[in-house]
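Read through the structure below, which is laid out as structure tokens, and then see the notes.
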Amino acid sequence: MTELQSQGLRLLDPGAGAGSRRGGAGPSDHKAVTVDGVTLMVPVHTHTAFSSPFVADAPGPDGRSVLRRGSIPIASVSFPRQPRFYARSTADGIPYSHIATLHGSDVLATTVLQTCIRYESRRKACRFCAIGQSLAAGRTIAHKTPAQLAEVAKAAVELDGVKHMVMTTGTPPTPDRGAKVLCDSAEAIRAAVDLPLQAQCEPPDTDAWFQRMKDAGVDTLGMHLEVIGDALRREILPGKAEVPMSRYWSAFEAAVEVFGRGQVSTYLLAGLGDSAELLLSTSERLLAMGVYPFVVPFVPISGTPLEDRPAPSAEFMRSVLEPLGQRVADAGLRAGDIKAGCGRCAACSTLSRYEAPLAV
């Protein structure tokens, strides 16, 4: 599974299962694939995937496909189906899929604000980010209102059995860095449907926002470091690097006080230049604070400045994920105990598989 996520997948039937996504907020250029009962987001539109040794045959009548490495069959796989809520539109004619999408097999995800002060400046934009691509292509809208999100969330639960929801956002030009719009969205969604929620944003200007988000119905919080080293942060995410690491550490501490151990998480992108040693030492510090370190392989997205940067090798990912999985388990912060969000879904990394005593 780790090799599959690093090297990507070629599809003999690109239309199999739920539609894949190109560009936009992540995970992008991926397709959901279920291998041995585990659903992964696997790159299918990247340069690495185009030359991958892994090939999936067209699904048979039972919906299952043979996964091959070269010509050798190695597993039976399937693809989560297109969700039924995609067929609906709001009263003003906006397709539900423009408001929220299915991630993995049972997670609803939305980018509440599809614009970002970082992305709008070429000098400040995160070099891997494609948040504006889906908006430019007309596949989403710039601001999903609380009422729209509540309507779609309710339908996704009723029609497709969605189990939890992720709300991320581009960073607006306000000191709360998106916390307010997430509060408004969460309050409306929880009034309409009982659905565990994760909110994701940069650390806001004041820790008081964490309790406000909790009171609005947010169950878990993601504040994503993505890159750790100071020089690398300035190179890869120059706008976000203006928020110092010290603010992230203080925000993590305050957020854990509100949401609880294991209910605050952060993305760490492996393969952008941070060493395995730095990823592990930072993860240990996070675990000690009660923060889940969701280490994910970097995926080069077409149309971004890093589109030609290679994805990390499976060997590099194993060198991080294998020891980290044991440390996560020892800390008692397993993915399965997270109430909602990316860590619970776990489809963008095989970290959760290393938390269990099974080889990946």
Side-chain angles (χ1 to χ4, degrees), residues 24-28 41 103 107 109-114 116-119 124-131 165-172 176-179 181-182 197-204 209-210 213 218-230 232-256 259 262-274 278-279 282-283 285-287 289-299 301 304 306 320 324 333 335 338 340-349 351:
S28 298
M41 297 304 292
H103 286 196
V107 187
T110 187
T111 303
V112 180
L113 299 178
Q114 201 78 33
C116 178
I117 57 169
R118 316 293 190 204
Y119 189 83
K124 293 185 177 183
C126 298
R127 301 299 184 236
F128 50 75
C129 184
I131 189 173
M165 183 173 181
V166 179
M167 300 184 301
T168 188
T169 183
T171 301
D176 63 274
R177 298 195 175 102
V181 74
L182 292 170
L197 299 178
Q198 181 181 63
Q200 300 178 352
C201 62
E202 294 183 36
W209 281 109
F210 300 137
M213 284 192 276
V218 172
D219 295 286
T220 72
L221 178 67
M223 293 184 290
H224 301 330
L225 288 171
E226 295 164 324
V227 175
I228 305 166
D230 287 338
L232 195 63
R233 290 185 80 220
R234 292 192 296 270
E235 174 192 348
I236 301 293
L237 31 96
K240 278 187 66 173
E242 295 174 358
V243 181
M245 289 287 285
S246 60
R247 175 54 189 146
Y248 275 89
W249 291 117
S250 66
F252 287 140
E253 184 175 13
V256 170
F259 293 97
Q263 306 307 322
V264 178
S265 62
T266 189
Y267 262 78
L268 298 175
L269 296 180
L272 284 174
D274 285 322
L278 182 57
L279 289 165
T282 302
S283 294
R285 181 177 178 182
L286 291 162
L287 288 168
M289 299 177 72
V291 177
Y292 184 83
F294 194 41
V295 176
V296 174
F298 161 69
V299 175
I301 298 175
T304 67
L306 296 185
V320 177
L324 179 56
L333 299 181
I338 300 174
C342 292
R344 174 179 165 181
C345 171
C348 288
S349 171
L351 174 58

* To do: Starting from the C-alpha separation in whole Å, work towards a yes-or-no answer on side chain to side chain contact (heavy atoms under 4.5 Å, CB included) for Ile117 and Lys124.
  => CA-CA 8 Å; Ile117 57 169; Lys124 293 185 177 183; over 6 Å; no
* Structure fact -> When every non-hydrogen atom of Pro238 is compared with those of Ala125, the smallest separation belongs to CD-O, 3.5 Å
* **His224 NE2 to Thr168 OG1 distance, which is reported to the nearest 0.5 Å** => 6.0 Å
* Asked: Side-chain contact, heavy-atom cut-off 4.5 Å: Leu268 with Val320?
  -> no
* Structure fact -> d(Leu197 CG, Leu182 CG) to nearest 0.5 Å is 10.0 Å
* Taking all atoms of both residues into account, what is the closest heavy-atom pair of Met223 and Ala255, and its distance? -> CE-CB, 4.0 Å
* Would a 4.5 Å heavy-atom cut-off, applied to side chains only, mark Phe298 and Leu306 as touching? -> yes
* Backbone N/O of Leu225 and side chain of Thr266: donor-acceptor pair under 3.5 Å -> yes
* To do: With sequence neighbours excluded, tell me which residues meet side chain to side chain donor-acceptor pair (under 3.5 Å) with Glu202.
  => Arg118, Thr171
* **Flag side-chain contact, heavy atom, 4.5 Å: Met165 against Thr110** => yes
* Closest contact, heavy atoms only, Ala335 versus Gly343 -> CB-O, 3.3 Å
* Check: Pro204 main-chain N/O paired with Asp176 side-chain donor or acceptor under 3.5 Å -> no
* Structure fact -> Rounded to the nearest 0.5 Å, the SG atom of Cys342 sits from the NE2 atom of His103 at a distance of 8.0 Å
* **Exercise: identify the closest heavy-atom pair between Arg233 and Val243** => NH2-O, 3.1 Å
* Would you mind reporting whether Pro172 and Val181 have side-chain heavy atoms less than 4.5 Å apart? => no
* Asked: Which residues satisfy the ring-ring contact (aromatic ring centres under 6.0 Å, His included) test with Phe259, sequence neighbours excluded?
  -> none
* Taking all heavy atoms of Leu237 and all of Val227, pick out the closest pair and write down the distance. => CD2-CG2, 3.8 Å
* Going from CD on Gln200 to CE on Met167, what distance comes out if it is rounded to the nearest 0.5 angstrom? -> 9.5 Å
* Structure fact -> Rounded to the nearest 0.5 angstrom, the CG-CG distance for Leu272 and Leu279 is 9.5 Å
* Under 3.5 Å donor-acceptor, Asp274 side chain and Leu269 backbone -> no
* Close side-chain approach of Lys240 and Glu226, heavy atoms under 4.5 Å -> yes
* Ser250 vs Arg247, side chain to side chain donor-acceptor pair (under 3.5 Å): CA-CA, chis, key distance, verdict -> CA-CA 5 Å; Ser250 66; Arg247 175 54 189 146; 3.1 Å; yes
* What class does the angle between the rings of Phe252 and Tyr248 fall in, given that below 30° is parallel, 30 to 60° is tilted and above 60° is perpendicular? -> tilted
* Hey, does the side chain of Gln114 reach the backbone of Ile131 with a donor-acceptor pair shorter than 3.5 angstrom? -> yes
* Trp209 six-ring centre to Arg177 NZ/CZ under 6.0 Å and within 45° of normal -> no
* Asked: What distance separates Ser349 OG from Met41 CE, expressed to the nearest 0.5 Å?
  -> 13.0 Å
* Structure fact -> Minimal heavy-atom distance between Val295 and Ala270, with the atoms involved, is CG1-CB, 4.0 Å
* Asked: Can Met213 and Leu221 be said to form a side chain to side chain contact (heavy atoms under 4.5 Å, CB included), step by step?
  -> CA-CA 9 Å; Met213 284 192 276; Leu221 178 67; 3.9 Å; yes
